[in-house]
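One structure is given below, encoded as structure tokens.
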Amino acid sequence: MTAEPTGSAPSEGPAGAAGSDKEPAQEQGTTTRSWLRDHSELGVCVLLLALGALVLTDALTMSVDIAQRGPIGPRTVPFVVGSALLLVAVLLAVDVLRGGRGEAEGGEDVDLDEPADWRTVLLLSGVFLATAVLIGPLGFPIAGALLFWGSAYALGSRHYDRDPLIAAVLSLATYFLFDNLLGVPLPGGPLMGVI
């Protein structure tokens, strides 16, 4: 009588054949996941590519008859931004496929264990939403000043004498730049006759 060894080879029957087919499929799934994990920056490439295509499509369908005042009109900036997004997406994809990798965050004075500052995020979100609501009735100069001052406050600036003045100057400069120089009409609000 001979005893079978405990570590005997797998049986040659149909069950053994099916078991050997599952292992390569599992290895292939693992290697695909591993490859995707190692090249996760390609997701950023896809996002940049989609954003670039969206910006260029929006620029091509933009109606510019009213706002066009010269060779440089409202389409110029979207064309430049959309083209730059597509170029960066392609260059990043080439770099990732050649083995380039982004460095892990190693901030010197940033504590990565600290939770997110939700108060600042909520304050900034409120400022942006308030600007979107107020830009129609108050116009860009006032709503823009509130946007700049509110953003500075949300980010920690507490110079109550200086910040509103800087915000007003930035808002008026932005209004004149877009409305007069670039030909993009912005709502003036109650200050329309004064400005």
Side-chain angles (χ1 to χ4, degrees), residues 41-93 95 102 105 107 109-110 115-195:
E41 291 94 345
L42 290 175
V44 176
C45 299
V46 171
L47 178 65
L48 290 174
L49 196 67
L51 283 175
L54 178 67
V55 169
L56 286 177
T57 303
D58 200 30
L60 288 172
T61 59
M62 181 186 300
S63 173
V64 294
D65 295 335
I66 298 172
Q68 186 75 28
R69 293 185 184 171
I72 297 178
R75 284 187 178 172
T76 305
V77 173
F79 272 127
V80 170
V81 171
S83 302
L85 284 169
L86 293 179
L87 178 66
V88 169
V90 169
L91 292 176
L92 181 60
D95 181 52
E105 177 64 40
D109 59 348
V110 177
D117 185 6
W118 288 108
R119 179 182 179 274
T120 302
V121 171
L122 291 175
L123 279 173
L124 281 173
S125 300
V127 167
F128 290 141
L129 288 174
T131 303
V133 170
L134 296 175
I135 198 167
L138 296 182
F140 184 83
I142 295 174
L146 292 174
L147 170 69
F148 292 130
W149 178 75
S151 299
Y153 180 84
L155 294 172
S157 179
R158 297 296 184 263
H159 298 282
Y160 299 114
D161 52 345
R162 181 182 68 186
D163 290 346
L165 294 174
I166 294 173
V169 169
L170 279 174
S171 180
L172 287 173
T174 305
Y175 178 76
F176 279 119
L177 175 72
F178 277 88
D179 197 56
N180 295 334
L181 298 178
L182 295 177
V184 178
L186 295 176
L191 297 178
M192 190 65 150
V194 178
I195 299 176

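These numbers were taken from a predicted model, which means no experiment stands behind them. Residues: numbered from 1 along the sequence shown. Values below: all heavy atoms of this structure, side chains included; hydrogens, waters and symmetry mates excluded.
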Any residue meeting side chain to side chain contact (heavy atoms under 4.5 Å, CB included) with Val46, in chain and number order, not counting sequence neighbours |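 With neighbours one apart ignored, the set is empty.
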Any side-chain heavy atom of Asp179 sitting closer than 4.5 Å to one from Pro185?
->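 Yes. Closest side-chain heavy atoms under 4.5 Å.
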Rounded to the nearest 0.5 Å, what separation is found between the [atom1] atom of [X] and the [atom2] atom of [Y]?
X: Asp117; Y: Leu155; atom1: CG; atom2: CG; value: 9.5 Å
X: Leu49; Y: Leu92; atom1: CG; atom2: CG; value: 11.0 Å
X: Leu177; Y: Leu172; atom1: CG; atom2: CG; value: 12.5 Å
X: Asp161; Y: Ile166; atom1: CG; atom2: CD1; value: 9.0 Å

Compare every heavy atom of [Y] with every heavy atom of [X], then report the nearest pair and how far apart it is.
X: Leu48; Y: Ala89; value: CB-CB, 3.8 Å
X: Ser171; Y: Pro141; value: OG-O, 2.6 Å
X: Met62; Y: Arg75; value: O-NH2, 2.9 Å
X: His159; Y: Pro164; value: O-CD, 4.0 Å

Donor-acceptor contacts, no H, no angles, side chain residues 124-137, under 3.5 Å, sequence neighbours left out:
unit_1: Ser125; atom_1: OG; unit_2: Val121; atom_2: O; d: 2.9
unit_1: Thr131; atom_1: OG1; unit_2: Val127; atom_2: O; d: 2.8

Is a side-chain N or O of Thr61 found less than 3.5 angstrom from the main chain of Thr57, in a donor-acceptor match?
->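 Flag set: sc Thr61 to bb Thr57 pair under 3.5 Å.
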Between the main-chain N or O of Val80 and the side-chain N or O of Ser83, is there a donor-acceptor pair closer than 3.5 Å?
->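 Pair absent, no side-chain N/O of Ser83 close to backbone of Val80.
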Look at the rings of Phe140 and Tyr175 and say which category their plane angle falls in: under 30° parallel, 30 to 60° tilted, over 60° perpendicular.
->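 Correct class here is parallel.
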Just list the side-chain donor-acceptor pairs under 3.5 Å for residues 145-152, sequence neighbours left out, or say none.
unit_1: Ser151; atom_1: OG; unit_2: Leu147; atom_2: O; d: 2.8

Does atom CZ of Arg119 have more than 12 heavy-atom neighbours from other groups under 6.0 Å away?
->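 At most 12 heavy atoms, drawn from other residues, nucleotides or ligands, come within 6.0 Å of this atom.
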